Number of protein chains: 2
Amino acid sequence: MDAIEILKQLKDKGVRFTPQRQAILEFLLETVSHPTADEIYHHVKAKFPGVSLGTIYNTLNMLKEHGHLLELSYGDMSSRFDGNPKNHYHIVCSKCGTVADFHRPLIDIDQEVMDNSGFLIMGHRMEFYGICPECRANEKLN
Amino acid sequence: MDAIEILKQLKDKGVRFTPQRQAILEFLLETVSHPTADEIYHHVKAKFPGVSLGTIYNTLNMLKEHGHLLELSYGDMSSRFDGNPKNHYHIVCSKCGTVADFHRPLIDIDQEVMDNSGFLIMGHRMEFYGICPECRANEKLN
DNA sequence: CTAGGTGCAAAAGGTTTGCGCTGAC
DNA sequence: GTCAGCGCAAACCTTTTGCACCTAG
């Protein structure tokens with residue numbers, strides 16, 4: 001599903017189609033990274049020099065409310081946004097904050113949660129917490 | 001493992017034992033909720049009226065670095081801290097922010113990650129994203 | 001004694017909000 | 001024409017930092 005299609009769907013809910021929103025959503029869908037609001041801002045600014053951070057947040061919150069993106073937080077300062085929830089898992093170092101990818105087939109569990117909770121489940125996120133190889137090496141030196 | 005025991009272990013790493021730290025850690029271990037820094041602050045303030053928020057954050061970051069607690073973020077304003085990582089899973093409503101518990105046996109996967117990543121894994125966290133029953137009902141009304 | 005911790009207050013950084021104007025419908 | 005969205009800037013809230021004093025080891 002592409003940006004235009006999603007925004008057309010949202011029109012039924014009183015959400016207006018604007019070029020800024022199209023640009024934001026297109027970027028979220030085409031990138032495989034998990035950009036921060038500020039990164040999205042700078043990217044969209046290349047196309048729309050007048051765009052403001054407020055508009056970015058406004059759009060992100062609107063999309064989040066309608067379930068079209070996930071807001072992730074890795075404990076560092078700013079949130080990251082993911083337009084492709086079904087992705088892969090992460091390992092976060094509690095010491096230095098490094099985030100590594102962990103590739104493995106997604107666990108097939110969403111249906112079980114949906115059946116037992118009454119929630120409409122869009123996806124899940126899994127993170128492992130630990131100490132990265134570098135920090136482990138540094139600890140041994142002390 | 002209780003607060004005093006953990007703090008004694010940390011002494012070897014040059015971390016000092018202070019009554020404030022004991023109070024913070026005891027609260028984290030005894031509560032089953034996931035308090036914010038501010039909630040911890042107010043709780044500890046009952047015992048140590050002079051304690052400051054800076055000390056709370058200082059201690060939380062120290063504990064996090066040593067792997068004794070997890071910093072969670074649910075997209076709302078402030079981080080939440082969990083002294084008992086091995087717990088249960090959560091379902092977060094993208095629309096209203098409600099966090100519901102989902103009880104099920106923990107997925108046995110940490111060893112697999114440890115073997116394949118080089119990280120020392122302390123635990124994992126899993127969250128499901130979707131729309132809660134109340135918000136689903138509200139959407140249908142429109 | 002002396003480093004690390006504390007309390008306080010100021011600063012920093014991310015996110016939200018208010019307001020007048022614009023543009024989608 | 002109307003109202004949601006825009007840009008701008010100020011406000012807000014959480015977290016970090018700097019500094020003088022204190023205290024655990």
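In this text, all values refer to a predicted model and were calculated from it rather than measured experimentally. By convention in this document, chain letters (A, B, ...) are assigned in the order of the sequence lines, proteins followed by strands, and residues within each chain are numbered from 1.
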Quiz item: So, does R104(A) use its side chain to make a donor-acceptor pair with the main chain of Y89(A) at under 3.5 Å?
Solution: no

Quiz item: Between L63(A) and R21(A), is a side chain to side chain contact (heavy atoms under 4.5 Å, CB included) present by the stated rule, with each step listed?
Solution: CA-CA 10 Å; L63(A) 289 171; R21(A) 288 184 168 177; over 6 Å; no

Self-check item: Residues from residues 41-59 of chain A lying under 4.0 Å of DNA chain D - heavy atoms
Solution: G50(A), V51(A), S52(A), T55(A), N58(A)

Quiz item: Quantified as the angle between the terminal helix axes (five pairs each), what is the overall bend of the helix from dC1(C)-dG25(D) to dC25(C)-dG1(D) to 10 degrees?
Solution: 40°

Self-check item: Per-nucleotide protein contact string for nucleotides 18-25 of chain D (B base, S sugar-phosphate only, - none; heavy atom under 4.0 Å)
Solution: -----BBS

Quiz item: Reckon N61(A) touches a base, only the sugar-phosphate, or nothing at all at heavy-atom distances under 4.0 Å?
Solution: sugar-phosphate

Quiz item: Is the backbone N or O of G54(B) less than 3.5 Å from a side-chain atom of N58(B), with the two atoms forming a donor-acceptor pair by type?
Solution: no

Quiz prompt | Between P of dA24(C) and CD of Q22(A), the distance in whole Å | solution = 12 Å

Quiz item: Are the side chain of E39(B) and the backbone N or O of T36(B) linked by a donor-acceptor pair below 3.5 Å?
Solution: yes

Practice problem: Decide yes or no on side chain to side chain contact (heavy atoms under 4.5 Å, CB included) for M126(A) and R125(B), but give the supporting numbers first. | Solution: CA-CA 6 Å; M126(A) 191 167 196; R125(B) 157 196 186 196; over 6 Å; no

Quiz item: Would you say T31(A)'s side chain and F27(A)'s backbone share a donor-acceptor pair under 3.5 angstrom?
Solution: no

Practice problem: Identify whether the distance between the nearest side-chain nitrogen and carboxylate oxygen of R136(A) and E134(A) falls below 4.0 Å. | Solution: no

Quiz item: Any donor-acceptor pair under 3.5 Å linking the side chain of H66(A) with the backbone of M62(A)?
Solution: yes

Quiz item: Between Q20(B) and dG7(C), is there a side-chain N or O to OP1/OP2 distance below 4.0 Å?
Solution: yes

Quiz prompt | Flag, side chain of T59(B) to backbone of T55(B), donor-acceptor distance under 3.5 Å | solution = yes

Quiz prompt | H42(A) side chain to D38(A) backbone, donor-acceptor under 3.5 Å | solution = yes

